[in-house]
2 protein chains.
Amino acid sequence: MPDGDTFPSGPLAVVDRTTADRIFADLSHLILSGDLPPGAKLSEPDLAARFGTSRAPLREALRRLAERKLVTHIAHQGARVIRLTPARITEIYQIREALEGVAAREAALRMSDAAIAELRALLDLHAGRVSASDRYFQGTEDDDFHFRIIHACGNEMLTALLLDEYYLLIRLLRRQIHHPAGVAQRALIEHRRILDAIADRAPDLAETMMRRHIAAAFTRLRAGLPDTSPTPRPRKEASA
Amino acid sequence: MPDGDTFPSGPLAVVDRTTADRIFADLSHLILSGDLPPGAKLSEPDLAARFGTSRAPLREALRRLAERKLVTHIAHQGARVIRLTPARITEIYQIREALEGVAAREAALRMSDAAIAELRALLDLHAGRVSASDRYFQGTEDDDFHFRIIHACGNEMLTALLLDEYYLLIRLLRRQIHHPAGVAQRALIEHRRILDAIADRAPDLAETMMRRHIAAAFTRLRAGLPDTSPTPRPRKEASA
DNA sequence: ATTCCGGATATTGTCGACAGATCCCGCGGT
DNA sequence: ACCGCGGGATCTGTCGACAATATCCGGAAT
């Protein structure tokens, strides 16, 4: 993957040129895997001991996670894993809808014919898996499709914003939901329509289809959320 | 301004509960005021001495600035003030167009009648100033209008993203451009149309008008850029 | 003269320790 | 029994120093 002096950092896959990089990646995985559940306190002494380093690189990793909105940091109180309330999920999807709409629009203008053909083949592959298991969203297939679009948009800041920031939150969210049957087929159909618009080099249509796709995904997601009650007040604690 | 336990941090106006907060604010001002020009090396020992602290809080401030894209940070090489190339400016405006479009849409749904009336009065005030000086963009009037919309969108993450991240970059950019005559009137007219759409509670129209306004602003901006040559290679140095 | 190489210098990354603030828990008052 | 208060323990924020890496400058070879 070509990545010269392009844009600042990458996400988790960045080469750890420093201890802070490694801790950042490890902590991200711990959070995204659910090992560190939402609301968990991130104690600097504990984690430093756990990673076998001093607190300096750990603090830096925590700061980066805070800027990526994976943890909240309050002065003199420490960091906690973010708690995704329904209100915040709504906000994330509003932003994601707009940003991925732009990505789809630009992809319609810039994606190479070869990449389009590859992506079409990928969707065919997905189709087989869906009809076999109907677990489209449980795997990473949905991400795969969106990743390709996002990478093809040609806007490095947008790519970084979506992948390094919002997709981490979405992956975290995905752990909390279960989709009803039939969702997989719907998503696949929508993916095909988006790709068709891109193949037709129709930016407006591609943007519209992508936005509708994400809006629909949000509606489906909302149905699968554990509780839709207002905001479950910040509870007492959550163990590691 | 109501801001309880809403969302993580604020921008520059945050109360400095810690030394790092203060340095972060001070450094932001130094960069935005042009005291630290684009490309300038941000030496940790130098700045630490300048602020009269140790390197620890300074490093933290630098990391935050890096996450807000005001500086680039490379491992073992240090931090530099971001250099806004034409390509990156294009990226910023693409993102901004989409995000502020959402803000306008939501504002059309949620802005109170009182706030709309206030904003209309503000535009009348601007009109007087524009006809007197034709320096709409040189002041903060344009920001004022957009700030109001962004604050009214009801999406805290979106508000934080636009104000804490992208508006810092846009303010930095504004230092580099000079608008031709007549731009102010055009912008004011567009502002009125956006507000009209919001007052009509027409979210689609408000989003469209806002996107067109920002796209037009980008076109005007492009004309006022010093050089439109490809990418002026990272030069040798830039003094503080 | 130009290019490549190597050592000295300076800077960044990391560490351990101290100071201030917050949190927890037990005590006394009502 | 409940609430407010105070002291101890714990944690975060900050500091100064060390280690590792990158940069810069001078010299040698082509």
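When reading the values below, keep in mind they use all heavy atoms of this one structure, side chains included, and skip hydrogens, waters and symmetry mates. By convention in this document, chain letters (A, B, ...) are assigned in the order of the sequence lines, proteins followed by strands, and residues within each chain are numbered from 1.
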Worksheet item: Any side-chain N or O of B/T19 less than 4.0 Å from the OP1 or OP2 oxygen of D/dT14?
Response: yes
Mind listing the N/O atom pairs, protein and nucleotides 8-12 of chain C, below 3.5 Å?
residue, atom, partner, partner atom, Å
C/dT12, OP1, B/K41, NZ, 3.2
C/dT12, OP2, B/E44, N, 3.3
C/dT12, O3', B/H76, N, 3.4

Fill in: For atom CZ of A/R80 and atom C1' of C/dT22, their distance in whole Å
13 Å
Fill in: side-chain hydrogen bond (donor to acceptor under 3.5 Å, both in side chains) against A/R175, all qualifying residues, sequence neighbours excluded
none
Worksheet entry | Atom-to-atom span, CD of A/E60 to C1' of D/dT12 - whole angstrom | 17 Å
Response to the item:
Applying side chain to side chain contact (heavy atoms under 4.5 Å, CB included) to B/A216 and not counting sequence neighbours gives B/E190, B/R220
Discussion item. Just the rounded figure in Å: distance from C1' of C/dT14 to CZ of A/F51.
Written reply: 16 Å
Worksheet entry | Sidechain N-carboxylate O distance under 4.0 Å for B/D46, B/R50 | no
Worksheet entry | With A/E165 via side-chain hydrogen bond (donor to acceptor under 3.5 Å, both in side chains) - residues at least two apart | A/K69
Practice prompt. Would you list the pairs meeting ring pair (Phe, Tyr, Trp, His ring centres under 6.0 Å) in which at least one residue belongs to residues 75-101 of chain A, sequence neighbours left out?
Written response: A/Y93-A/F218
Item to complete: Could you list the residues that satisfy salt bridge (Lys or Arg N to Asp or Glu O under 4.0 Å) with B/E207, not counting sequence neighbours?
Response: A/R211, B/R105
Worksheet, complete the sentence: Applying side-chain hydrogen bond (donor to acceptor under 3.5 Å, both in side chains) to A/E60 and not counting sequence neighbours gives A/R64, B/R59, B/R63
Item to complete: Dot-bracket for DNA chain C, please, read 5' to 3', with Watson-Crick or G-U wobble pairs under 3.5 Å on both distances, ( ) within the strand, [ ] crossing, | other strand, . unpaired.
Response: ||||||||||||||||||||||||||||||
Discussion item. The criterion is side-chain hydrogen bond (donor to acceptor under 3.5 Å, both in side chains); which residues satisfy it with A/E118, sequence neighbours excluded?
Written reply: A/R148
